[in-house]
Amino acid sequence: MKNFVFISPNFPEKYWQFCDELQKNGVRVLGIGDAPKQALSPELKRALTEYYHVDSIADYDQMYRAVGYFAWKYGHIDWIESNNEFWLETDARLRTDFNVNTGIKTDGIEAFKEKSEMKKYYAKGGIRTARQIKCSAGLEAVRRFSGDAGFPLFAKPDVGVGAGGAHKIENEAALEAFFAHTPQVECYVIEEFITGDICTYDAIVNSQGELLVESMCVCPPSIADIVNNNLDSTYYVEKKMSENLRFWGRRTVEAFGVKSRFVHLEFFRLNKAHRGLGEPGDFVALEVNMRPGGGYTPDMINYAHNISMFKIWADMIAFDRRTTPDPHDDYYCVFAGRRDNVRYALDHQAMLSKYGEAMMMAPRIDEALAGAMGNQAYIARFRTEAERDAFLADACHRV
């Protein structure tokens, strides 16, 4: 029996399904988290062989002792994983310290943690990406960079999750202000500004680098725009993947040497020609995430393609292959996140009544995620673009 240590299996809440599918495959699932055991859902408790509570996952000594206890009680640990970018470095450090060879270790983490390091792997694979400079190079070097790239520019932490700390810099005065007033400015990178939809290539890769499942999401407003401008959060899983995105997604997986993982790869789909990067409709790499898409994205992929990403991932862990067929029954699956402080033309009950069987889920969003996703979500699926767009119009019609 394989011993799988799942870090923070209770957050996001839907992650209990990863644990459930693992234990159905005969894997011993051992959880570590900072939530009290009594706070775990009944489904998660049933899936876990044992749960070890720590005061803080950020306290590495506690995490080390937890894994050490499991190794003493159950034998060698075969997998350590959180499927959460926030704990990527902790996962890698524990794998290194306990000689777990089924994932990224500390000597390989920079490629997936630092946006500046990602550029080297994109270059190795011949993958187009925005030009970038580290702010640690100094204001004068960034000024020279701006002279070539032009304004606006986009600044973001070299290490970070989501849109936290991101800034659009419109002109030289704003650039000087950014350097003067941003704490730890040397930890940022600055890129040329690119406009277009953000599209994601979502996949599960086995130990041989083979793709077990592939899917595509389209995110019309960026997370940065949603957070900074209090917009409604909307995105959708495409019914069919763009073959152009499939090509660049697979090329990125190969360039980064991805094995035995989820990937959530972000690309810009250009909406206008951009010097040195391409024409409208071309894809330009944004960043690599070695985890599932955030929030309800795994569920949405399931609804869009009538599959279970939770099971396919657990099959990859247990058998290194997929055990279920692809039904090739595809929908658009759409997410719309509303904000409690905004009035909408259709209220909650009206949305549920109008979309009936098309509505797959209507969850409240955890407060920790509400800034990016809204407070009340609606997830529905449709066969046609017209139905998809009508749903988004209704969900986001403010009064």
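Values below: every heavy atom of this structure, side chains too, minus hydrogens, waters and symmetry copies. From a predicted model like this one, the values you see are computed outputs, not experimental measurements.
Side-chain contact between Phe112 and Leu88 is present, with at least one heavy-atom pair separated by less than 4.5 Å.
The only member of Met216, Met309, Glu214 that meets side chain to side chain contact (heavy atoms under 4.5 Å, CB included) when paired with Ile301 is Met309.
Aromatic pair Tyr344/His397: centroids not less than 6.0 angstrom apart. For Tyr355 and Phe391, the distance between ring centers is under 6.0 angstrom. Taking the six-membered ring for Trp, Trp313 and Phe18 have ring centres closer than 6.0 Å. Checked against a 6.0 Å centroid threshold, the rings of Tyr331 and Tyr303 do not count as neighbours. Here the two rings, on His348 and Tyr378, have centers that are under 6.0 Å apart.
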N/O donor-acceptor pairs under 3.5 Å from side chains in residues 41-49, not counting sequence neighbours:
from: Ser41; atom 1: OG; to: Glu43; atom 2: OE1; distance (Å): 3.4
from: Ser41; atom 1: OG; to: Leu44; atom 2: N; distance (Å): 3.1

Check residues 25-32 and write down every donor-acceptor pair under 3.5 Å in which the side-chain atom is one partner and the other belongs to a residue at least two apart or another chain.
from: Asn25; atom 1: ND2; to: Ala314; atom 2: O; distance (Å): 3.2
from: Asn25; atom 1: ND2; to: Asp315; atom 2: OD1; distance (Å): 2.9
from: Arg28; atom 1: NH1; to: Asn3; atom 2: OD1; distance (Å): 2.5

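Of the charged side-chain nitrogens involved, at least one lies within less than 4.0 Å of a carboxylate oxygen, so that Arg383 and Asp329 count as a salt-bridged pair.
Heavy atoms from other residues, nucleotides or ligands lying under 6.0 Å from NZ of Lys120 number 12 at most.
Taking the six-membered ring for Trp and thresholds of 30 and 60 degrees, Phe283 and Phe267 have ring planes more than 60 degrees apart, a perpendicular arrangement.
Cation-pi contact between Arg93 and Tyr60: present, with separation from the ring centre below 6.0 Å and deviation from the ring axis of at most 45°.
Shortest non-hydrogen contact noted between Met361 and Pro363 is C-CD, 3.5 Å.
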Open item on the list: Before you tell me yes or no, could you show the steps for Val189 and Lys156 under side-chain contact (heavy atoms from CB on, under 4.5 Å), namely the whole-Å CA-CA distance, both residues' side-chain angles and the distance that decides it to 0.1 Å?
Closed with: CA-CA 6 Å; Val189 294; Lys156 54 190 177 181; 4.0 Å; yes
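Counted by atom type alone, Thr234 and Asp232 present zero donor-acceptor pairs between their side chains at under 3.5 Å.
Listed by first then second residue, pairs satisfying ring pair (Phe, Tyr, Trp, His ring centres under 6.0 Å) with a partner in residues 115-136 read Tyr121-Phe256, Tyr122-Phe256, not counting sequence neighbours.
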